[in-house]
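Indexing begins at 1, ligand by ligand and atom by atom, following the structure's order.
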Amino acid sequence: MLLIVFTNSLFALDKEKLNSIVGSAYSESIGYDFLERLCMESGGRLAGSENSIKAREIIKKQLESLGYKVEVDNYDMPGWIRGESKAHIVKPYLKELRIYALGYSQSMADSRIVAAYIGCGDSETIKNIDVKNKIALIDINDKKNGCDAPTRYDAILNAKNAGAKAVVFGSEKDGGMVLASGVGFDGSPSPIPAFIVAKEDFKSISASVKKGISVEIEISNSSKCQKIGIANIRAILPGESKRKIVVGAHYDSWDISTGAVDNGTGCAVLMDIARIIKKYSMSNKYTIEFVWFDAEELGLVGAKRYCERYSDSVVAMINMDMPGTPTGVDIMGFESFRSAAEEFLESFKGYKFSRGVDNTPWINSDHTPFLLKGIPCFTFHGDSPKEVYWHYHDYADTFDKVDKRILSDATAIIGAFVLKIDEIKDLEDMRLSEDKIIELMKSHKLDIKLKKQKEWHFKD
Ligand SMILES: [Zn+2]
């Protein structure tokens, strides 16, 4: 196994550089103010929306004020425009529901529909239930009848094939929260209109239906699928080599929230790291590219497009999605980076990393397409109080949840890590071959997840 050590001759200089970076993250931070402006002036940033276009301008202006030349890469993709959705129980009692259309749900005219509970929504369970012309209540996690949880999209398709008019999922969290999300991963329109309702509403309707009580819901939705324009924003710090280390965070969010934490925090930390590295890295070995990705929430689309275009020149990727106070670094299956990562954490003498170096690759954030190309990827484990991260995708992910100190913690540690990765020689040799990627995915059972999502593009 190839072990990686940092170049010792640079160590003295590095110590000084490291201290400057860490100090600046606390004493000169711009992350919080930048994020406040982003939230106040652009609001939630659903990909393709007017808000999102405003956000791009704010990011671009901030980068230009730091002296960066900014590149904006535009792409088209199948998108989704939220309209109004309304639903209330009309029988056996009147009650307004806390409900939202799921991303990629099509519109439906105001209709009064009887509810039917169809368990996890697999075809076996549905077979025995009359759901024709009804609204299907689906609990993906209902394990009854040995149900193997289908994807949301497949459950909707099954309900459609059984004659359902619409489907309703329950939110996962208590307290009236509704977590906005989409129906699938590839921009396909939902087979029939699909909604998500607060867990408490879902539970009470399902309980009545299971007892044989007829529940009728009046429901409507004016959302629609349509082509949208998305854009990745890139700020480039040239190095001795044209090969790139990508440091990224998605700036899109769901629209019912402000996306202050998911992933405004990642955007803010990325901005501050871009500032610090420009100021304190006198020269970098690799080109460092800071990328604000679009449309992560709609299926990592910005990151996928980036990879299609530039992945050949990328030698490492560091992704930040809701960063907390760093507790450890995940080397994502690249075991050969362990000693380097350990050495890095040990260089913070006054800091306790409770998770240390972890090697647990995971998917479904922007590093995924890079990982699937065999590019070394890194993410950080982080701590945040529950009130900070708990509301992601919900209405209550708002700027008041953001903790200034956590942004500085993440900026200090992750910013320093970027420069540590930059010190590693021959990063381009660390890329995994396709066989090795397949082996890595399979050893962590990520192939199963990717196949279910129809995102496994390898032969076996
Ligand atoms: Zn996110």
Can you tell me if an N/O/S atom from D321 lies under 2.8 Å from the Zn ion (ligand 1)?
yes

So, F195 versus F169, ring centres under 6.0 angstrom or not?
no

Centroid-centroid distance, H367 to W362, less than 6.0 Å
yes

Geometric class of the F417/F378 ring pair [parallel <30°, tilted 30-60°, perpendicular >60°]
perpendicular

Closer than 2.8 Å to the Zn ion (ligand 1): does that hold for any N, O or S atom in E296?
no

Restricting to N, O or S atoms, which atom of D262 is closest to the Zn ion (ligand 1)?
OD1

Between W456 and F458, ring centroids under 6.0 Å:
yes

